[in-house]
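Numbered from 1 within each chain, the chains take letters A, B, ... in sequence-line order.
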Amino acid sequence: MKVGIAGVGSMGSTHAASWVLTDAELAGFVAESPREADQLGQLYDVSVYPDFASMLLDVDVVDICTPTHLHYEMTLQAAAAGKDIICEKPLARSTAHAREMLAACQQAGVKLFVAHVVRYFNEYALAKESVTRGEIGKPGVIRLSRGSFRPKKPGNNWFLDTAKSGGVLMDMMIHDYDYARWIAGEVESVFAKTVSVGHPNAPIDYGLAILKHRSGALSHIAGAWAYPPTTFRTRIEISGDAGLIEFDSDASAPILNLIMSPDSDSADVGLPSSPVAESPYTTQIKEFYAALRGGKKPRVLAADGLAAVQIAEAAVQSAATGKAVTLEALAEVVS
Amino acid sequence: MKIGILSFAHHHGESYIANLRAIPGIEICVADDDSVRRAHLAKQYDVPFYPSYEALIESKPDGMIVCSENTRHLPLVEMAAASKINVLCEKPLATTVADAKAIVEMCDRAGVLLMTAFPMRFSPPLIEVKARLDSGELGQVFCFNATNQGELPKKYRAWFVDPSLAGGGAMMDHTVHLVDVMRWYLGSEVTEVYAQSNRIFHADEVEVETGALEIITFDNGVFASIDASWCRPPYWPSWGGLTFEMVTERGAVIVDGFKQNITVYSYANQRPVWQYWGTNIDQAMICEFVAAIRDGREPSVTGVDGLRAVEVTLAAYESSQTGQPVQV
């Protein structure tokens, strides 16, 4: 089976890396201009087609990874050429187009698949399995969040052109609409808001949506193009009548990076700063003050300070020797 | 100064005893029309109960805290106002806009202070974020994604799930706190409310809604979602919580009002329990009520704040019926 990929952005290259791990033959790429596809063509040593029609002549399957607004035309063309199709999400920019695409593929007798990759993420799949197993009972309220920075695509940033991408509410949040529907069934109504509607020139965008499912369940979907670059966080919360599933990409991150960045700037000394009405420094001083005035003993005594030094010293020793260090009983040190 | 607590229908009344005792120079007086509760609490907290609300009011306290069932705030506030006694009223101020307005107006006419029990205003993490917002450091606010989720409160008091006494379910219980926080942050009023509710959690136990999602819009264009659901399982590490993500032109600040916990895994509990070490915000709220009386000034959270939150809540109920946003 020969596969041709249309589009060489992040999805095109990602799909290519997956295709070469299959037995299918990655035949080549097509992009708006052949030059854009050259790098990937060279990387995989495959063809770069001058246009979509040329690629259709050479492949059995087309994988459409182009901007959303182009999915429709390309799918119709591929179907007419009798090619099976994989199409990135969102399938189309409009329902009407999507409906036509399905009809065309059915008529042509070709297969059409849409790449809702979230269903393939382990955490999402596992949560779905848990719901299916009945572990949390009937889902009542589902909360799904997906957040990152605003797409920065150099040059023609179609993501920010709502006519082409549908903006955050479509491009970003469609993953979670799909997932919510997978969990709680058909959607009865939707209410949504996005920052860009009221503030078209805002440097960020953020969408919120409430879905009402036919099952009676409600879904809250949030999508952010608002965080500092490199951030990408997702959350799942599925509350059922017999339990709750939670997933937080930050909380479950197995690696926490605390690596110095050469141009990071900070205060000379870091201090803990969890806000409380009275600073812990003040509480301490008040307690010492009360003890000085003949009140009760403070919670930390000199012997404690000594013990701490003893431990620190032992730690230094341990590091030097690579061995565990047995501390002398504190009572003996003090006496 | 003498402060009365009228009714312990709301369990917060019990913790207010300790809050009042922590303030030097406060004499506490209490009354409750439920004789069983009265007998139980008199023993548990070692407080002498007045035989009736009337008797307590005749003893002329400087202020009183109303902790009756939601629908029974009005008659108690009425008695207080008639006797020129300052009032701190549990949230929600009332379960109808008419009652909430009446409460505000009668206190106004009587010239007594009226404060609504919105303790989140006294949360140091929330105060810190408000200060950063006011400093301009965060830029313009665009929206909030907020939750005030909890467990079914039935275990504290049965009336919380009785619509004739609570005025509703999760939406009545958990909309007002976040509405107040956002009004405080933005200095703007809610103009539109969309809400959906359901009863999937505890469907066989209660008749009120237990799941609720809302999106509200402010007159400055900021919008916000509120999850008011009673969705927390009974074995959740705490009663629930209050969180919000505030999205601005510079990014987002994510706040958890009840994150300052240690996690305790005790064999006795058979589940993790979060023990809160953050500031006691009820204490700070009660101190503000006492200070406002002492200084003869308006408290930092007013009856009007309570009224505005009730208006939004009732609009949410209307929207959940019509399925469309409702103008406030």
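Your options are B:Leu213, B:Val247, B:Thr217, B:Ile127, and the one with the most heavy-atom pairs under 4.5 Å with chain A is B:Leu213. Counting heavy-atom pairs closer than 4.5 Å to chain B, the top-ranked of the candidates A:Lys138, A:Arg143, A:Glu278 is A:Arg143. Heavy-atom pairs under 4.5 Å with chain B were tallied for A:Ala217, A:Ala222, A:Ser215; the largest tally goes to A:Ala217. Between chain A and the residues B:Ala252, B:Gly323, B:Ser225, the largest count of heavy-atom pairs under 4.5 Å involves B:Ser225. Chosen from B:Gln324, B:Gln140, B:Glu245, B:Arg250, the residue pairing most often with chain A at heavy-atom distances under 4.5 Å is B:Glu245.
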Q: Decide yes or no on side-chain contact (heavy atoms from CB on, under 4.5 Å) for A:His220 and B:Asn145, but give the supporting numbers first.
A: CA-CA 10 Å; A:His220 180 281; B:Asn145 174 356; 3.1 Å; yes
If you apply the rule salt bridge (charged side-chain N to carboxylate O under 4.0 Å, His left out), what do you find for A:Glu237 with B:Arg232, and how did you get there? CA-CA 11 Å; A:Glu237 183 181 293; B:Arg232 290 308 184 210; 3.3 Å; yes
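Side-chain atoms of B:Thr279 never come within 3.5 Å of backbone atoms of A:Val276 as a donor-acceptor pair (strictly under, hydrogens ignored). Side chain of B:Asn198 to main chain of A:Gly140: a donor-acceptor pair is present (N/O by atom type, distance under 3.5 Å, no hydrogens or angles).
By the neighbour-count criterion of 12 heavy atoms within 6.0 Å, atom CZ of A:Arg299 is sparsely surrounded, having that number or fewer from other residues, nucleotides or ligands. At most 12 heavy atoms of other shown residues, nucleotides or ligands fall within 6.0 angstrom of atom CZ in A:Arg293. Shown here is B:Asp295, whose CG atom has more than 12 heavy atoms of other residues, nucleotides or ligands within 6.0 Å. Counting heavy-atom neighbours within 6.0 Å of A:Arg235 CZ, excluding the residue itself, gives a total of 12 or less.
Contacts of A:Pro228 with chain B are absent, with no heavy-atom separation under 4.5 Å from either backbone or side chain. Within the 4.5 angstrom heavy-atom criterion, only backbone atoms of B:Ala224 (N, CA, C, O) approach chain A. When heavy atoms are compared at a cutoff of 4.5 Å, B:Ser123 does not approach chain A at all. Looking at A:Leu218, both its backbone and its side chain come within 4.5 Å of chain B, counting heavy atoms on both sides. Residue A:His199 touches chain B through its side chain alone, counting heavy-atom pairs closer than 4.5 Å. The contact between A:Ser219 and chain B is made entirely by backbone atoms, counting heavy-atom distances below 4.5 Å. Proximity to chain A is absent for every atom of B:Leu152, based on heavy atoms less than 4.5 angstrom apart. Of the atoms belonging to B:Ser229, it is side-chain heavy atoms, and not backbone ones, that fall under 4.5 Å from chain A. Interface remark: B:Tyr235 contributes side-chain atoms only to the contact with chain A (heavy atom separation under 4.5 Å).
The list of salt bridge (charged side-chain N to carboxylate O under 4.0 Å, His left out) pairs with a residue in residues 194-219 of chain B, not counting sequence neighbours, reads B:Lys154-B:Glu205.
Taking every heavy atom of both residues into account, B:Trp236 and A:Leu244 meet most closely at CZ3-CD2, 3.4 Å. Nearest heavy-atom pair across A:Val195 and B:Cys143 is CG2-SG, 3.9 Å. When all heavy atoms are compared, the tightest approach of A:Ala202 to B:Phe142 is CB-CZ, 3.6 Å. The minimum heavy-atom distance linking B:Thr248 with A:Ile204 is given by the pair O-CG1, 3.6 Å. For the residue pair B:Pro124 and A:Ala277, the shortest heavy atom distance occurs at CG-N, 3.5 Å.
Listed by sequence position, A:Ser189, A:Phe191, A:Lys193, A:Thr194 are the residues of residues 187-194 of chain A in contact with chain B, using a 4.5 angstrom heavy-atom cutoff.
Note that the CD1 atom of B:Ile254 and the OG atom of A:Ser145 stand 8.5 Å from one another [nearest 0.5 Å]. For the atom pair OH of A:Tyr206 and CZ of B:Phe223, the computed distance is 8.5 Å after rounding to the nearest 0.5 Å.
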